[in-house]
Amino acid sequence: MSSTTVPVAAVAPLQRKDRWQTWGRWMVLPYLLIFVVFVLYPVGYGLWLARHPQSYVHLEADPIFLRSVINTLVFLVVAINVKMILALILSGFFVQTRWWIKIVSALFILPWAMPSIPTILSVRFMLNPEWGVINTTIFRLTGADGPNWLNDPTLALTFAMLMHVWKSLPFWTLILVAGRLAIPSEQYEAASVDGATSWQKFKFISWPALKTLYLTSTILSMIWTLGDFNSVYLLTGGGPADMTHVLATLGIRYLRLDQVDLSMASIVVAMPLVLPLVYFMMKRLSK
Amino acid sequence: MASVTFRNIKKSFGKTDILKGLGFEITDGEFVVLVGPSGCGKSTLLRMLAGLEDITGGEILIDGKVVNELESKDRDIAMVFQSYALYPHMTVGENMAFSLRLRDADKGVTAERVEKAAKILNLDKLLGRYPRELSGGQRQRVAMGRAIVRDPKVFLFDEPLSNLDAKLRVAMRAEIKALHQRLKTTTVYVTHDQIEAMTMADRIVVMHDGIIEQIGTPLELFDRPGNLFVAQFIGSPSMNVLAGTARKVEGSFWVEAQGAYWPLPDGAKVTDGQSVHYGVRPTDLVLAPANQGIPAQVVVVEPTGAETELLVQVGQEKLVLVMHGRTDVGPDDTVYLALDPANAHVFDGASGLRLD
Amino acid sequence: MASVTFRNIKKSFGKTDILKGLGFEITDGEFVVLVGPSGCGKSTLLRMLAGLEDITGGEILIDGKVVNELESKDRDIAMVFQSYALYPHMTVGENMAFSLRLRDADKGVTAERVEKAAKILNLDKLLGRYPRELSGGQRQRVAMGRAIVRDPKVFLFDEPLSNLDAKLRVAMRAEIKALHQRLKTTTVYVTHDQIEAMTMADRIVVMHDGIIEQIGTPLELFDRPGNLFVAQFIGSPSMNVLAGTARKVEGSFWVEAQGAYWPLPDGAKVTDGQSVHYGVRPTDLVLAPANQGIPAQVVVVEPTGAETELLVQVGQEKLVLVMHGRTDVGPDDTVYLALDPANAHVFDGASGLRLD
Amino acid sequence: QEKLTVWWVKGFYKAEDDALFAAIKKYEEKHKDVKIDLSQYPIQDMIPKTVSALDSGSPPDVAYADVYDFQVTGKWAFEDKLEDISSIINPMKARFAPNTVETTFLYDDKTKQKAYYAFPIKQQTMHVEYWSDMLAEAGFKESDIPTTWKEYWPFWCEKVQAGSRAKSGKRTFGIGQPMGVDSSDSFYSFLTFADAYNVKMVDDNGKLLVDDPKVKAGLVGALTDYTMPYIKGCTPPSSTSWKDPDNNVAFHNKTTVMTHNATISIAAKWLDDMDNQTLTPEQREEAKKNFTERIKTAGFPSKPDGGKMVYRTAVKTGVIFKEAKNKKRAKEFVEFLMQEENLTPYVEGSLGRWFPVTKAGQASPFWQANEHRKSVFNQYAAGTVTFEFTKNYKFTILNNENVWAKAMSRVVTDKIPVDKAVDEMIERIKVVAK
Amino acid sequence: MTKRWTPKAIATEAKLLLIGIPVVLWTLIPVYHMVLFAISPRDSATSGHLWPTHPTLQNFAIVFGEKHFYLTHFWQQLWNSLLIAISVGVLTLFVATTAAFAISRLRVRGGRTVMNMALFTYFIPAAFLAVPMYKTMGNYGLLNSQWSLILAMVTIASPYCIWVLKQASDKLPYELDEAARMDGASPLQLFRLVYLPLMVPSLVAVGTYALLLAWNEYLFAFLLLSKDTSVTLAVALGNFLSADDSPWELLMTTGLIYALPPAAIYYTFKRYMVGGLTAGAVKS
Ligand SMILES: Nc1ncnc2c1ncn2[C@@H]1O[C@H](COP(=O)(O)OP(=O)(O)OP(=O)(O)O)[C@@H](O)[C@H]1O
Ligand SMILES: Nc1ncnc2c1ncn2[C@@H]1O[C@H](COP(=O)(O)OP(=O)(O)OP(=O)(O)O)[C@@H](O)[C@H]1O
Ligand SMILES: [Mg+2]
Ligand SMILES: [Mg+2]
């Protein structure tokens, strides 16, 4: 093995890794461009708008601020988790291959495809205690008055959350369906033979494969909605008595009064609510 | 421990019929080896028994009960998948412990069993690895380990040793046999390895094209293959087969093929002039002293270590001959072939069925 | 066609050293078979040559050029993966045609080559199927087909026939040999099949634990294994090995082991009293007439068809003996073992190196 | 060619937009070198959109929305974001009816002076609408409707509701009392009630007068009366969460016999349907009946002190931004638009929803064309008062927060005494508008 | 293959139905309520009946005929929605797949950082970005061009898509890439011929996501677009909120119609969402 006799050959002009890397860099470039141009710059500007510390003082002085924070938290914790758990269950349902499930899944997507304004107004009308379909029907069937659905803060917030779940459940279900489809069926077969029940298959095969997707999606969903402006605004308008406001509606309310700094501040205030989640997620992701 | 019965089993994928109505019984505690050409439906049959594949027709019974509709998990079967199907997110140890864990087995017992299996399989140093960090053979051993930690009613092994080196394979063979002797668990074992089939099986089932060609003990199949297919499939290298015609010469029957007369065993049921296939195993052909046998031209000489394979030409046909040790004959030499008539096989020319 | 050189190749996965600095050369057109126990690093070595695995240390040269940094696709190597790695979304035909398609090969030529390969591999009826619709052996053949449609500088085969039945395997072996004879493409072939290794290789490389134990022609390795490991690894069943002591008796050397004296070949370089390992292949042990050899107790008799394996006990050791045909000895019988001293092997007791 | 960017709220009716387009076209014809780049947005989007533009330093030249006056005009003026357009307003000042252009005379905190920072387009006030056929079914004639404050509300609440329910067997309500927080009807109505009690919360310089015990007493009276229908079950239970459309809807489907609304949109809807060619002849006939016979528009009863009700008007304002690129043309365009022949068709395009701000516009025969408009005309003829926010812009925040509706909620939901609710309300007013 | 109705099959089917029926009800009740509005004549939409006394398709005729003042550009706006949504879908898929491929399969250096940065975008809520985005678009001279909305939506949709795709592509057997490289594939060929076909289920999911995100976007759409003829129908529906007396039945009708194109698009691609795509690829 005398290396001196063999000419140390001209190393291939295109080095293996570099070439692969070069391609990689070209392929992330489109996104990077978008990121720099449409994220970095606006975000910097937004932070600049929210820079006044007195905005936060004003914000705190607003009597509905605290209530909004609480509502937002309830919304995030309850609505999002209920939604994600349902999505997880339903994704298991929708990966089944049945002709009728295909039809159901096509219908199921409708809430997501519908624009918010008509759907939420429609639900609002439906829930009207005097002439809405529900109470009219209750009245017709029992002779009794139905509940005043949107007049009780708890009930109204519940409906806002249900609205949110109704609207965005299809999306998360679809994402989890895609996640489930990536799990090789072989693994389920092996588990069957090993004697796993359906629940055990879920616990030991599906869940480990979906875990990251599920957790990150949950956190992202929380951030995205931060109390979902539309569901609250269009359904309850923050009422009754401003008891169902969330930070998102609060933010828009300030915007409508041209209190941009307050509007931004109310959103910035929301960030600490999600920061622990962010930390949690980052830790998850770096595994 | 359980008996297994297949009754007129059929299986189609779409329009392709894979299993065409086959049936046989496996008695309690029996070790059955399934052999057959690649793609003949062995894995499919195993998977049907395991409850992983729908049954197009027929019935499978375990312990006398029809299990067609029984879920896999309720059949209490352990299986080594041909494609391993390891759990990628579990370590080797977790993979092996998984089935016990599902049964809420005692932690100590589980650990002990896994350890024991790992030792048998030479995996003890790899228990903390993930499947992606293993070599092909190591993965296969994990798949094996996952089955043998259990104590099921039936073991199904789908080519469980194909990716192991010869030495390890011999060792594993012994271990599986020992396991079977200890547990007496009914076992169905698919293999392409002749030695495995011959040494492990209580009975061998030869499948071909979705049907069963023959069932019998290893030596029955080797010594008296029921038809031409089995004759050529069992034993490696394959039995040499010559098409020829039965001839009665001086009161005894011979087969005339490729310009030579080949001796027939006693009791061969042929008639004069019948067209037949004449079969002789490469190991049963011997080189006779010069001019004392059927002359043949040597084509290739291939030493395989302890033995040497000769490819010789007789008339238009090439025959294989395996001889002990080495030889100094070389290509183009003329050799003379002899054989003990008792070792010859004869099959009907049309149906391929054994004639005796 | 190309020569390949490995120079002091090292490979670690994290802290685990897999290849510990090995080097050898493959000349242009050579057919090299790589053997070694499961997990010894064969696949890793192939993958490094293919450019799929980073090289921790050393150099790989193709045609005298260092290719450490050269991209796989520019190495012009065709490989059969141990795990097949078929494109699941392409049919069998598309899988096989893929590499040609990437090279913008003429459609007609591609079709022709694919067809030819498919015929060789018995896949012609399955060209329209997807991998998921194939049996294990069929998938393996597709993996094979994907390589052989090409005309690369180097072929790498990682256990390409392990899942095929014996008959098909013999046929495939012949085809690969014919292919190699026709194209004279440098080939590295990993197998666990002894016969494959013996009959196909120009040279065999025996790996163990990340190093090379011996390189040589098949018969060199079989007849004169350089150390105890190779001796026991090549040949199946494994060589019997007894620990003993060299004794000079009446001017010639013997090995005393398990209460018997075992003959040594001429030229064995031992000294009196040296502790040695005495090796004899199961096929080299014969049964001698009563009282004319080393007495042994039969433990197991295992007919494998044309041969019979005997497990016999001599002293505290168990030896394997393979005999032609059948036997009527049975367990607990006493038999007498004999062997031709020329067939005996002797290795140093400490280093395990061959002594002659 | 010069470009003039105009953002204008989307109209309710085609006729409004058509009038606007016509005016623009006329302007462009007159000034061939100017191209008007008009964008229209739904009302609720106008402010966010304008705010975004303002914040990023590229506001339109001229902007108008029906909600500016309620929410931002005063603030913008205070913060010196608006162009002083006194130069165009002053010459035409005489053309405006009382209490219209005055509301655009706003304080700029930077210059520490008041000036005309906006231009008035149209105005709205509070009306009562009722179904005369339901009233009749309940056993009453229109002449039975009391004219005094004390009798008026119990009449609808107790007599009409009881009668209507007894006759129709349906769960109808005498009054549709808007009480939702997210609703401009509710604060408009409440403040009208406050007006009835002569409440004056700010002086002309915007100084708070809420510490005056008279003010508190007035507010207590207004809140007591306002919440009474709910407590007595005369307004639908859902009215505490009503948004602006809800009193309309409840009225149209005859859940309520009467409601008050800050435009005559309720009647106008039927007028629109009456001429809507996409509807069937029967539907149009029905709409015509509703408009001409069944639905009545009226004013409020006389004040609790017996005086005649003076309605609060909301004057809709448009603006030119200080940062606008083409202020010269912007002023020119506004001046042009404010001319009678351009403004009147635009205002009249809304079927009577909006009332003109100019004397000539108000005198147009349009306002005598049907009973509804006549009623509006008469209400305005009695004189008007203006919103607090025209003097102290921080009242926009209070309206937007709807401290009024919140006080109602405290009373009807949390069941706290009215005067305590009023105390809380005054507390908040002082915090926000000090 | 005909299915046999064994007790076991019936039991599983029943279990599925037990989920399926509530799901259908849950989904369809609000939708049905909209249908109720859509087929009710103008004056009886809010009557509270479960089925209109005189069902009519009049509302559809009005919408399709652009016969209401709020809907004078119905077709144009629907077309805008479609154009914008499809552009966003396609562009997002392009940007996201290339990035996910580079990060997950080519293991480009710094890929992790790019991913983290991308996800970081979401910690800035969209509402917070609205005003800055407006200014940004103004600076780039894109205001009032549909490109501004398309790019903004791509910006918002991409990070999640990249992330989901990366998760999915991490699960593809790496051996396939190796095989392709041995076969002589360039990264681009690997991407096109091996990666994309195997990612289809996830592509359908995130593609639908991006498409619908743009389809129903309100805030950014009204901020970034101006002309009646260039906004999407979702924004135009905001007109109905302007008045306290809007033709609600037309709003519901339009809303229903508006849901159909994306549902149809989804339905077209849905059949590519199948499992087991990598079955038979490797032995592990
Ligand atoms: N990612 C990894 N991390 C750690 N160890 C690894 C990894 N990949 C492979 N190994 C180890 O490297 C060794 C060599 O593996 P390789 O696949 O080359 O074996 P092999 O000789 O091909 O074996 P076989 O015959 O079983 O296929 C094995 O012991 C395996 O466990
Ligand atoms: N999904 C499918 N669609 C069509 N044919 C299929 C499908 N799955 C398997 N087959 C065919 O069924 C036959 C039997 O397959 P099986 O896996 O049982 O073979 P096998 O006997 O195990 O072969 P091997 O020894 O190669 O593993 C094969 O010919 C295969 O091509
Ligand atoms: Mg198989
Ligand atoms: Mg290997």
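Atom set for the values below is all heavy atoms of this structure, side chains included, hydrogens, waters and symmetry mates excluded. Residue numbers begin at 1 in each chain, while the letters A, B, ... track the order of the sequences.
Taking E/V200, E/T278, E/V194 one by one and counting their heavy-atom pairs under 4.5 Å with chain C, the maximum is reached by E/V194. Residue with the most contacts toward chain E among C/Q140, C/Q82, C/R47: C/R47 (heavy-atom pairs, distance under 4.5 Å). Listed options E/P173, E/A185, E/P197 were ranked by heavy-atom pairs under 4.5 angstrom with chain C; first place goes to E/A185. Counting heavy-atom pairs closer than 4.5 Å to chain E, the top residue among C/R139, C/M90, C/R101, C/E133 is C/R139.
The side-chain contact (heavy atoms from CB on, under 4.5 Å) test with E/V95 singles out one residue from E/C161, E/P159, E/S158, and that residue is E/S158. Exactly one of C/D106, C/T110, C/V109 qualifies for a side-chain contact (heavy atoms from CB on, under 4.5 Å) with C/L100. That residue is C/T110.
Between the side chain of C/K11 and the main chain of C/D54, a donor-acceptor pair closer than 3.5 Å is present. One N or O on the side chain of C/T186 and one on the backbone of C/G29 form a donor-acceptor pair closer than 3.5 Å. Not one N or O on the side chain of C/T27 forms a donor-acceptor pair closer than 3.5 Å with the backbone of C/E30.
The interface of residues 261-271 of chain E with chain C, defined by heavy-atom distances below 4.5 Å, is empty.
Salt bridge E/R181/E/D177: absent, no basic N to carboxylate O contact under 4.0 Å. A salt bridge between C/R169 and C/D193 is present, with a side-chain N of the basic residue lying under 4.0 Å from a carboxylate O of the acidic one.
Proximity to chain E involves both the backbone and the side chain of C/Y84, based on heavy atoms less than 4.5 angstrom apart. Proximity to chain C (any heavy atom under 4.5 Å) is restricted, for E/L198, to the side chain, taken from C-beta onward. In this structure, chain E has heavy atoms under 4.5 Å from both the backbone and the side chain of C/I77. Both the backbone and the side chain of E/E178 come within contact range of chain C, with heavy atoms under 4.5 Å apart.
E/S104 and E/D170 share a donor-acceptor pair across their side chains, judged by distance under 3.5 Å alone. Using a 3.5 Å distance cut-off with no hydrogens or angles, the side chains of C/D28 and C/S3 do not pair a donor with an acceptor.
When side chains are defined from C-beta on, C/L134 counts as touching C/V92, because their heavy atoms get closer than 4.5 Å.
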